[in-house]
Amino acid sequence: MPFRLLTPLGLLCALLPLHHGAPGPDGTAPDPAHYRERVKAMFYHAYDSYLENAFPFDELRPLTCDGHDTWGSQTLNLSLFYFQILGNVSEFQRVIEVLQDNVDFDIDVNASVFETNIRVVGGLLSAHLLSKKAGVEVEAGWPCSGPLLRMAEEAARKLLPAFQTPTGMPYGTVNFLHGVNPGETPVTCTAGIGTFIVEFATLSSLTGDPVFEDVARVALMHLWESRSDIGLVGNHIDVLTGKWVAQDAGIGAGVDSYFEYLVKGAILLQDEKLMAMFLEYNKAIRNYTRFDDWYLWVQMYKGTVSMPVFQSLEAYWPGLQSLIGDIDNAMRTFLNYYTVWKQFGGLPEFYNIPQGYTVEKREGYPLRPELIESAMYLYRATGDPTLLELGRDAVESIEKISKVECGFATIKDLRDHKLDNRMESFFLAETVKYLYLLFDPTNFIHNNGSTFDAVITPYGECILGAGGYIFNTEAHPIDPAALHCCRRLKEEQWEVEDLMREFYSLKRNRSKFQKKTVSSGPWEPPAGPGTLFSPENHDQARERKPAKQKVPLLSCPSQPFTSKLALLGQVFLDSS
């Protein structure tokens, strides 16, 4: 007998057609200016509480008004972009100085490879690319050089030993001084393997060192090759053997940002192969996991339902659907999730779909951003006021339930609204940021290309800030124009230096010279049979990588696959 959902009466409204221009409950749509100011006040209440009570610890404990360390989650670093969108350039500049003076990666600490990448590397790269806009005096050669870029590269190099496995898929944890611990578990979640291409490809393009993008692509390729016969992936795999340890397939915890990075990596890098991979996954996900616009968990080889639950982490999916132009499906799924929010005043970590209620021991809401993130993307795509209503509800419920004297506390249980003594760093890095951008349609991050900055470098002129920013999974925006600018400049620099060497009769093979130029740095991966960095594996990775496109100096690169682009990198396929 096929699996059927028992749709609770309270969820029926999620299945009704969306009426554009529908008013809010009081007869009017939420006022963006009013809620924009409310969100700004929320941010400063949380940020000031962190500075007064928790700094220099990583995170604030709002109930006891103190702090604690969770390496890779520094609230100060993750707040940088918010100062930029608020126009508070003086605080942006001050935080940059603090980071440069205090951050040290040469420490004996075991760090999450995934978290360090999305939070530290991603945050530093984004701050680097936004520095000039914030009035920071940048060095000659920016955006292809700079102190924050060097810090990002240093942090990323600390992660590279984790990728030294027979499959090229990384360990989950690495020690910044000693590399991978001998007793480290080889079991890593799928997201922990497939969430590097945005940051690592950006780093390779800005610095000219291909090793970062190469290891990210090899990891992605091995995940792709490990999918089941019906096109699904599980959520945990052994990085030494390539065997699946946890075989539940879905779009939520342990898998989520892998799918996100295939789409965002495709847009950022103009990569047809990455988009084709995601679209193939999307077919399998719709065929085996979607029921009445909900997405369940199924066995990856059989497609049979294993967990009929909705996880709050899955709420990013409607936003991701909007990026490939699947607006109708995105809105239907979004409305399902929004109904859960209205039922509890937040999204429980797990929600039993057939029963229409929370799952035991998963009743909490740590102020996650995913549903608000989707609302921002969909509002940019549709302008539907229903999405502003979600933003209004989020502001009202978070302030009513979570606000305390020293910040905002995690909701331990949505059934009785008990609080927990923690304010997760992603509350400032993502939740409040996406809320603000939802209510600020004229923010520079929403630029449609009508304005831009012409930056003069020692190598020529670059066009930056024209829009199309790609957010990493921690909501740090990356300007794709900078990647093309620096990639081109490095190539031109190599050509000039080769000509000079030839002129002075210093005959040296150009390919060797390029390899020496781009591979500079303290870390050199070992080569040997059966390792990622053996010559045969390295050559295969380079062969699979599509050729870089050269574009005229002042032109925007076009998508090499059949599509059209709109705001925020949103892709509309010609066939849709």
Side-chain angles (χ1 to χ4, degrees), residues 50-51 53-61 66-80 95-128 147-165 169-189 191-193 195-196 199-200 203 211-212 215-216 219 236 239-240 254 257 366 421-430 472-474 476 521-526 532:
Y50 165 74
L51 287 183
N53 300 287
F55 182 77
F57 290 103
D58 289 339
E59 287 184 352
L60 170 69
R61 298 199 300 177
D66 56 12
H68 69 141
D69 277 329
T70 56
W71 174 256
S73 308
Q74 302 95 323
T75 298
L76 197 66
N77 177 26
L78 298 177
S79 301
L80 269 172
V95 172
I96 283 181
E97 291 178 4
V98 172
L99 290 174
Q100 292 183 42
D101 294 340
N102 293 280
V103 173
D104 180 14
F105 298 115
D106 289 323
I107 53 177
D108 188 2
V109 62
N110 295 323
S112 163
V113 179
F114 169 81
E115 298 287 357
T116 303
N117 176 57
I118 66 172
R119 300 183 182 202
V120 179
V121 178
L124 289 170
L125 286 173
S126 182
H128 164 73
L148 293 178
L149 176 59
R150 288 188 286 273
M151 288 175 66
E153 181 179 6
E154 182 184 0
R157 288 196 184 280
K158 297 292 186 180
L159 306 180
L160 288 179
F163 290 83
Q164 298 178 59
T165 65
M169 296 187 288
Y171 285 97
T173 303
V174 69
N175 185 283
F176 278 5
L177 275 187
H178 308 297
V180 178
N181 290 324
E184 178 65 27
T185 175
V187 178
T188 306
C189 70
I193 293 167
T195 310
F196 293 92
E199 296 85 2
F200 275 29
L203 195 54
V211 67
F212 304 105
V215 297
H236 282 79
V239 300
L240 299 181
S257 50
N421 191 24
R422 185 168 187 184
M423 186 179 81
E424 297 271 6
S425 59
F426 54 68
F427 174 67
L428 285 179
E430 300 181 72
N472 87 332
T473 197
E474 194 75 10
H476 298 300
W523 185 82
E524 289 294 335
L532 164 65

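- Using a 4.0 Å cut-off between charged nitrogen and carboxylate oxygen, E424 and R422 count as a salt-bridge pair.
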Note to self: Apply side chain to side chain contact (heavy atoms under 4.5 Å, CB included) to residues T173 and N181 and explain how you reach the verdict.
What the structure shows: CA-CA 8 Å; T173 303; N181 290 324; 5.6 Å; no
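- Nearest heavy-atom pair across P170 and V239 is O-CG1, 3.3 Å.
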Checklist line | Derivation and outcome, side chain to side chain contact (heavy atoms under 4.5 Å, CB included), residues F114 and C189 | finding: CA-CA 10 Å; F114 169 81; C189 70; over 6 Å; no
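- Considering every non-hydrogen atom in both G67 and A54, the closest pair reads CA-CB, 3.7 Å.
- Here N175 pairs with D108, N110 under the side chain to side chain donor-acceptor pair (under 3.5 Å) rule; sequence neighbours left out.
- Here the straight-line distance linking atom CE of M423 with atom CD of E59 works out to 8.0 Å at 0.5 Å rounding.
- Legend: residues meeting side-chain contact (heavy atoms from CB on, under 4.5 Å) with A156, ordered by chain and number and at least two apart, are V121, F200, L203, F212.
- To the nearest 0.5 Å, atoms CG (N53) and CZ (R61) are separated by 11.5 Å.
- Note that the OG1 atom of T195 and the CD atom of E474 stand 11.5 Å from one another [nearest 0.5 Å].
- Distance CG/L124 to CD/E154: 10.0 Å, rounded to 0.5 Å.
- At least one side-chain heavy atom of F196 sits less than 4.5 Å from a side-chain heavy atom of V113.
- The main-chain N or O of D58 is found under 3.5 Å from a side-chain atom of D69 such that the two form a donor-acceptor pair.
- Of all heavy-atom pairs spanning P366 and F426, the tightest one is O-CE1, 3.3 Å.
- In this structure the side chain of V174 reaches within 4.5 angstrom of the side chain of V180, judged on heavy atoms.
- Side chains of Q100 and L148 form a contact here, defined as non-hydrogen atoms less than 4.5 Å apart.
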Item checked: Step-by-step side chain to side chain contact (heavy atoms under 4.5 Å, CB included) determination, L125 to L149 -> CA-CA 6 Å; L125 286 173; L149 176 59; 3.7 Å; yes
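- Taken from CD in E153 to NZ in K158, the straight-line distance is 12.5 Å, to the nearest 0.5 Å.
- T188 pairs by the side chain to side chain donor-acceptor pair (under 3.5 Å) definition with nothing, not counting sequence neighbours.
- Under the ring-ring contact (aromatic ring centres under 6.0 Å, His included) criterion, F427 pairs with F408, sequence neighbours left out.
- Scanning all heavy atoms of the two residues, the minimum distance from H476 to G123 falls at CD2-N, 3.5 Å.
- Residues satisfying the ring-ring contact (aromatic ring centres under 6.0 Å, His included) criterion with Y171, sequence neighbours excluded, are absent altogether.
- Take N421 and apply the side chain to side chain donor-acceptor pair (under 3.5 Å) test, not counting sequence neighbours, and it matches T64.
- E199 places no side-chain N or O within donor-acceptor distance of the main-chain N or O of G122, the cut-off being under 3.5 Å.
- Using a 3.5 Å distance cut-off with no hydrogens or angles, the side chains of T473 and S257 do not pair a donor with an acceptor.
- Formation of a donor-acceptor pair under 3.5 Å by the T165 side chain with backbone atoms of M169 is found in this model.
- Between R157 and P161, the closest heavy-atom pair is O-CD, 3.5 Å.
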